[in-house]
Amino acid sequence: MQTQPAYIGSGTTRPIWNQDADQPATRSLDRDIATEACIVGAGIAGLTTAYLLARAGKDVVVLDDGTIAGGETGRTSGHLASHIDDGYTEVERVRGEDSARLAYESHAAAIARIEQIVEDEGIDCDFTRLDAWLFAAPGQSPEVLDKEFDASYRAGMKIHKADSVPIPEFNVGRGLRMALQGQFHALKYMAGLAAAVERHGGRIFTRTLASQIKGGEPAHIQTQAGPVVRAGAVVVATNSPVNDMVTMHTKLAPYRTYVVGLAVPAGYVHPALYWDTDEPYHYARLQDVTLAGVRQTVLIVGGEDHKTGQAQDMPARCRRLEAWTRERWPRCGEVVFQWSGQVLETLDGLAYIGRNPGDESNVFIATGDSGMGLTHGTVAGMLLSDLVREQPNPWVELYDPSRKPVRAIRDYISENANVARQFVDYVTGGDVSSEEEIARGQGAILRRGASKVAVYRDQDGELHELGAVCPHAGCIVQWNPDEKTWDCPCHGSRFTVTGQQVNGPSYKGLSGWQEERAQDEK
Ligand code: FES
């Protein structure tokens, strides 16, 4: 008997949002349909695009291979920031002052748009405006804050220097206070947004995999189950674009990021967003949630990022996050949540949103969340709904997916060299030399002659073998012991233990080993 791990979207760890938010009831597509705009992906970028198009009177269809917000939107930590993660010092260096100003305006507009949607649609999702605090990591000169203050101020942020940060039991030194940031309960917002899309006439189909996406008049979206969608325009908002083999992925780098949630006494932590300047940086905020029937305040803290498929030590990373938190807020209680998510970094800290390079003019993409998926996703909704309707938008050039920022060339070379190095896995041995070494509930890569196989032993002791070659561009996948997935170290595709893809860019699953061997022998 096969025992499948219990997946929540793209992994088996349980984000705080799943504690007290219900998934909206949706259906799968069971017949051919036509529409003005087809959105592939029901995360925040896809649903915001659908919502704004539907509100503008367009007929809209949304397809998702999983559930509403079942991808990386459901694994967010829920910060709504107009301060770019990489910092305005870096955005200015790579893209210049005018672009930094536009970046700020777009993210501030995204928070305002979320606030407006919450109000217009009556979404009960704990949306709050609050301050954010940025402080230097231990050992870093506070001058880093001075530079960031100047660049952020030039970008237009409402930012203030402060001699201290409201963390009374630990001196983090001086800080920068940024007004008018925000937070919300991610899944409650997404459930409300999905309901609003349908209220305004949009149609949402979940558990419907788009297996082929072609632009043209009309665009043609083939689903794995058979039905076809014909559309005037198609928006691919699948976190990592599944309609692109190479072009975009040389400019995207996938990272895993980790989050712990610690119970804290009500009123103990000053409500704010907290970020430091460490590399990778830490991020913290509060969220109230019902645990065992009791309302509990939880301090959510994230960080400890690494390249996807290139580390297998979530417990150690979560322990470091816990220690960092207890040092600053010593009265924290037990750890009540731990989860991980995936971030797609770009070369300049800004997403790629717009026409898909080299494709038909009615194919659009939104990708490269850069750790700011909620605001970038909302910016995508505003920008793409304008592009689909052929309306002008001030951010077209800023987010143009075809851009190649020359001042980020070093990062471009370094990330692609990292990808190239992963191909050495073809000539190395396996993680283990035989199946006997694989514990129940765990997986490992084994060498079988010239090939490598991905082997998972389920809780009943039964083995499940898959080809270890990622269908996207041929790298060897790696076992992720915490999310119980096979993760590709090259561009971040991820697969369940049965080989089903849960993250693009691959839109195909891992091949069954037997099937792969038969092909090799031909
Ligand atoms: Fe590109 Fe796996 S995601 S090779």
Side-chain angles (χ1 to χ4, degrees), residues 9-11 40-41 65-66 71-72 75 209-213 236-257 305-312 340-347 352 356-358 365-370 401 411-428 430-431 443-445 451-454 456 466-480 483-513 516 519:
S10 61
V40 184
D65 63 342
E72 297 317 301
R75 292 187 162 266
L209 174 71
S211 54
Q212 199 179 50
I213 299 165
V236 182
T238 50
N239 181 253
S240 180
V242 293
N243 58 331
D244 184 276
M245 274 301 284
V246 180
T247 314
M248 294 310 300
H249 301 292
T250 60
K251 303 191 292 180
L252 289 165
Y255 284 78
R256 301 300 299 168
T257 188
D305 308 12
H306 66 78
K307 284 295 292 279
T308 297
Q310 299 185 24
Q312 296 175 311
S340 70
Q342 188 144 303
V343 167
L344 281 179
E345 295 290 354
T346 64
L347 296 171
Y352 301 118
N356 191 33
I365 56 169
T367 185
D369 57 85
S370 305
D411 287 347
Y412 179 82
I413 292 168
S414 150
E415 290 293 1
N416 284 290
N418 179 290
V419 169
R421 280 198 300 278
Q422 305 313 312
F423 284 90
V424 81
D425 285 342
Y426 271 90
V427 295
T428 57
D431 301 336
I445 299 294
S451 301
K452 280 192 163 179
V453 287
Y456 170 71
L466 300 160
V469 177
C470 174
H472 174 239
C475 291
I476 302 292
V477 295
Q478 303 293 321
W479 176 240
N480 178 335
E483 299 296 0
K484 307 280 186 260
T485 50
W486 298 106
D487 295 358
C488 181
C490 286
H491 312 105
S493 291
R494 299 176 56 243
F495 309 87
T496 67
V497 295
T498 56
Q500 185 191 341
Q501 77 279 27
V502 290
N503 268 116
S506 179
Y507 62 90
K508 291 184 192 158
L510 293 175
S511 66
W513 158 242
E516 185 174 281
Q519 280 169 2

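As a basis for the values below, the full set of heavy atoms in this structure was taken, side chains included, without hydrogen atoms, waters or symmetry mates. Numbering of ligands and ligand atoms starts at 1, following listing order.
- Residue Cys475 approaches ligand 1 through these ligand atoms, each under 4.0 Å from one of its heavy atoms: 4 (S).
- Of all heavy-atom pairs between Tyr507 and Gln501, the closest is O-NE2, 2.5 Å.
- No side-chain donor from either of Glu483 and Ser10 sits under 3.5 Å from a side-chain acceptor of the other.
- Ligand 1 places these atoms under 4.0 Å from at least one heavy atom of Gly474: 4 (S).
- For the side chain to side chain donor-acceptor pair (under 3.5 Å) test with Gln342, the passing option among Asp305, Thr308, Asp487 is Thr308; the others fail.
- Below 4.0 Å from some heavy atom of Ser493 lie the following atoms of ligand 1, by number and element: 3 (S).
- Under the 30°/60° scheme for interplanar angles, the aromatic rings of His249 and His472 are found to stand perpendicular.
- Atom 1 (Fe) of ligand 1 has no N, O or S atom of Cys470 under 2.8 Å away, backbone or side chain.
- Contact annotation: for Cys488 versus ligand 1, heavy atoms closer than 4.0 Å belong to the side chain alone.
- Screening Val40, Leu252, Ile213, Asn356 against Pro241 for a side chain to side chain contact (heavy atoms under 4.5 Å, CB included) leaves a single residue, Leu252.
- No heavy atom of Ser506 sits closer than 4.0 Å to any atom of ligand 1.
- Taking atom 1 (Fe) of ligand 1 as reference, His491 places its N/O/S atom ND1 nearest.
- Nearest approach of Cys470 to Leu510, heavy atoms of both residues: CA-CD2, 4.3 Å.
- For residue His472, an N/O/S atom approaches atom 1 (Fe) of ligand 1 to within less than 2.8 Å.
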